[in-house]
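Okay, structure first, notes after.
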Amino acid sequence: MLKGFKEFLLRGNVVDLAVAVVIGGAFGAIVAALVKDLLTPLIAALVGKPDFSALTFTINNSKFLYGDFLNAVLSFVLIAAAIYFFIVVPVNAINARMRKPGAPAAPATKECPECLSVIPIAARRCSHCTSVIG
């Protein structure tokens with residue numbers, strides 16, 4: 001029974017998933033720090049109020065904390081923007097530079113030797129001058 005459990009744990013996909021979770025947690029801390037320490041103060045400098053948690057309204061003695069919701073939405077948008085502009089765009093640019101150009105496609109047309117019109121590569125007779133293509 002323990003041998004099967006050991007084989008399960010040492011399979012490539014389980015180990016890869018464990019590494020991804022650990023690195024994802026560490027990366028999440030980096031992105032959260034970027035948003036909290038750099039982007040939120042930048043917005044506070046521009047707008048004047050970085051924390052909306054004090055914004056509430058009350059209906060029938062029920063307190064609605066829409067400021068907390070605004071904080072969560074703003075945090076999500078900032079984290080998504082930070083990931084996109086600081087991770088996705090640079091990685092895509094690096095991948096585009098490293099990608100080898102593909103082989104050129106085989107030509108689909110050729111020129112008629114008589115009238116120089118463009119005809120399909122498999123044509124045996126020119127559709128413009130009707131000469132036989134050999």
Side-chain angles (χ1 to χ4, degrees):
M1 182 161 78
L2 290 177
K3 181 181 178 189
F5 183 67
K6 179 181 173 185
E7 288 175 6
F8 170 74
L9 287 180
L10 296 179
R11 282 196 314 206
N13 54 357
V14 174
V15 174
D16 291 345
L17 180 61
V19 169
V21 167
V22 170
I23 289 183
F27 182 71
I30 290 171
V31 171
L34 172 75
V35 169
K36 185 181 115 199
D37 298 335
L38 297 176
L39 296 180
T40 302
L42 180 66
I43 289 175
L46 298 175
V47 178
K49 189 173 185 183
D51 186 18
F52 302 111
S53 62
L55 300 175
T56 63
F57 67 89
T58 304
I59 298 177
N60 292 334
N61 294 327
S62 294
K63 193 173 188 180
F64 293 88
L65 306 172
Y66 72 94
D68 284 338
F69 177 73
L70 287 176
N71 278 342
V73 169
L74 183 63
S75 177
F76 172 77
V77 169
L78 289 176
I79 288 171
I83 288 173
Y84 180 75
F85 289 111
F86 296 121
I87 304 300
V88 174
V89 170
V91 167
N92 286 345
I94 290 169
N95 285 341
R97 284 189 199 135
M98 295 180 73
R99 193 174 304 130
K100 294 181 180 178
T109 60
K110 62 182 176 182
E111 286 186 350
C112 171
E114 294 293 323
C115 68
L116 301 177
S117 297
V118 178
I119 58 173
I121 198 94
R124 292 183 281 166
R125 186 175 291 270
C126 178
S127 60
H128 301 281
C129 68
T130 67
S131 65
V132 177
I133 308 297

Considering non-hydrogen atoms only, spot the tightest contact between F27 and I83 and give its length.
-> CE2-CG1, 4.3 Å
Measure up the F64 and F57 rings against each other and bin them: parallel (under 30°), tilted (30 to 60°), perpendicular (over 60°).
-> parallel
Within-4.5 Å side-chain heavy-atom neighbours: S131 and C112 = yes
Decide whether I59 and F69 are clustered together by the hydrophobic rule: side chain heavy atoms of Ile, Leu, Val, Met, Phe, Trp, Tyr closer than 4.5 Å, transitively.
-> no
What are the two closest non-hydrogen atoms of C129 and E114, and how far apart are they?
-> SG-CB, 4.0 Å
Please determine which of V89, I94, V88 meets the side-chain contact (heavy atoms from CB on, under 4.5 Å) test together with N92.
-> V88
Can you name the side-chain contact (heavy atoms from CB on, under 4.5 Å) partners of E111, sequence neighbours left out?
-> L116
Looking only at non-hydrogen atoms, find the nearest pair between C115 and H128 and report the distance.
-> SG-CB, 4.1 Å
Does some side-chain heavy atom of N95 sit less than 4.5 Å from a side-chain heavy atom of V91?
-> yes
Of all the heavy-atom pairs spanning L70 and L55, show the shortest one and how long it is.
-> CD1-CD1, 4.2 Å
Verify, without hydrogens or angle tests, whether K63 (side chain) and T58 (backbone) share a donor-acceptor contact under 3.5 angstrom.
-> no
Under the side-chain contact (heavy atoms from CB on, under 4.5 Å) test, which residues partner F86, sequence neighbours left out?
-> L34, A82
Nearest heavy-atom contact between P113 and I133 is CD-CD1, 3.6 Å
OG1 on T109 to CD1 on I121, rounded to 0.5 Å = 7.0 Å
Taking side chain as C-beta onward, heavy atoms only, is V132 less than 4.5 Å from R124?
-> no
Closest contact, heavy atoms only, I87 versus P90 | O-CD, 3.4 Å
